[in-house]
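Worksheet for the structure shown next.
The first residue in the sequence is number 1, and the count goes up from there. Source: prediction; values computed, not measured.
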Amino acid sequence: HVQLVESGGGLVQAGGSLRLSCAAAGRTFNTRAMGWFRPAPTKEREFVATINWSGSSTSYADSVLGRFTISRDNSKNTVYLQMNNLKPEDTAVYYCAAASQSVLSDSALKYSYWGQGTQVTVSS
């Protein structure tokens, strides 16, 4: 079992930056891929970014590629999402998730545990 708690959300102007953190409790954190998701008009959970168990491999949604960076520190049981050049359309609740596998995945179905979410609001 893995418990996840996100933090770091807030209100920022367009073009600004935020760093989200996701602290995990559980012994299997460093064996699992991790991901960030957000709601979308056509999806309950839209893929944003994912990272494999070791941090050696990452993948991003086209809409955030080049602006967002996912990373992890297994010694701290924490995964991060650095968000730069934020746009109003990035406004959403961002959810951290722990996968049931070690390799990265952009499918919400591959994730077993979810945090409560943190609100990001980008003003124009």
Taking Arg32 for its side chain and Val103 for its backbone only, find out whether a donor-acceptor pair lies under 3.5 Å.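 Such a contact is absent between Arg32 side chain and Val103 backbone.
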
Between the main-chain N or O of Ala23 and the side-chain N or O of Asn77, is there a donor-acceptor pair closer than 3.5 Å?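 No, Asn77 side chain to Ala23 backbone: no donor-acceptor pair under 3.5 Å.
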
Tell me, please, which residues at least two apart from Ser75 pass side chain to side chain donor-acceptor pair (under 3.5 Å).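 For Ser75 the side chain to side chain donor-acceptor pair (under 3.5 Å) partners, ignoring immediate neighbours, are Asp73.
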
Among residues at least two apart in sequence or on other chains, which ones pass side-chain contact (heavy atoms from CB on, under 4.5 Å) with [X]?
X      : value
Val64  : Arg38, Val48, Tyr60, Ala61, Arg67, Phe68
Val93  : Tyr95, Gln119
Thr31  : Thr28
Asp106 : Phe47

Is there a donor in the side chain of Ser107 and an acceptor in the side chain of Ser105, or the other way round, less than 3.5 Å apart?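 Absent: no donor and acceptor within the cut-off.
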
Mind jotting down which residue pairs meet the ring-ring contact (aromatic ring centres under 6.0 Å, His included) criterion with at least one end in residues 103-124? Sequence neighbours excluded, please.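 Found His1-Tyr113, Phe37-Tyr111, Phe37-Trp114.
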
Connected-component partners of Val5 among ILVMFWY, side-chain separation under 4.5 Å: none

Can you list every disulfide (SG to SG under 2.5 Å) pair that touches residues 30-80, not counting sequence neighbours? none

Any pair with a residue in residues 76-124 that passes disulfide (SG to SG under 2.5 Å), sequence neighbours left out, goes on the list, sorted by first then second residue, please.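 For residues 76-124, and leaving out neighbouring residues, the disulfide (SG to SG under 2.5 Å) pairs sorted by first residue read Cys22-Cys96.
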
Once side-chain hydrogen bond (donor to acceptor under 3.5 Å, both in side chains) is applied, what residue pairs with a partner in residues 7-24 remain, sequence neighbours excluded?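 Checked against side-chain hydrogen bond (donor to acceptor under 3.5 Å, both in side chains) - neighbours excluded - the pairs reaching residues 7-24 are Ser17-Asn84.
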
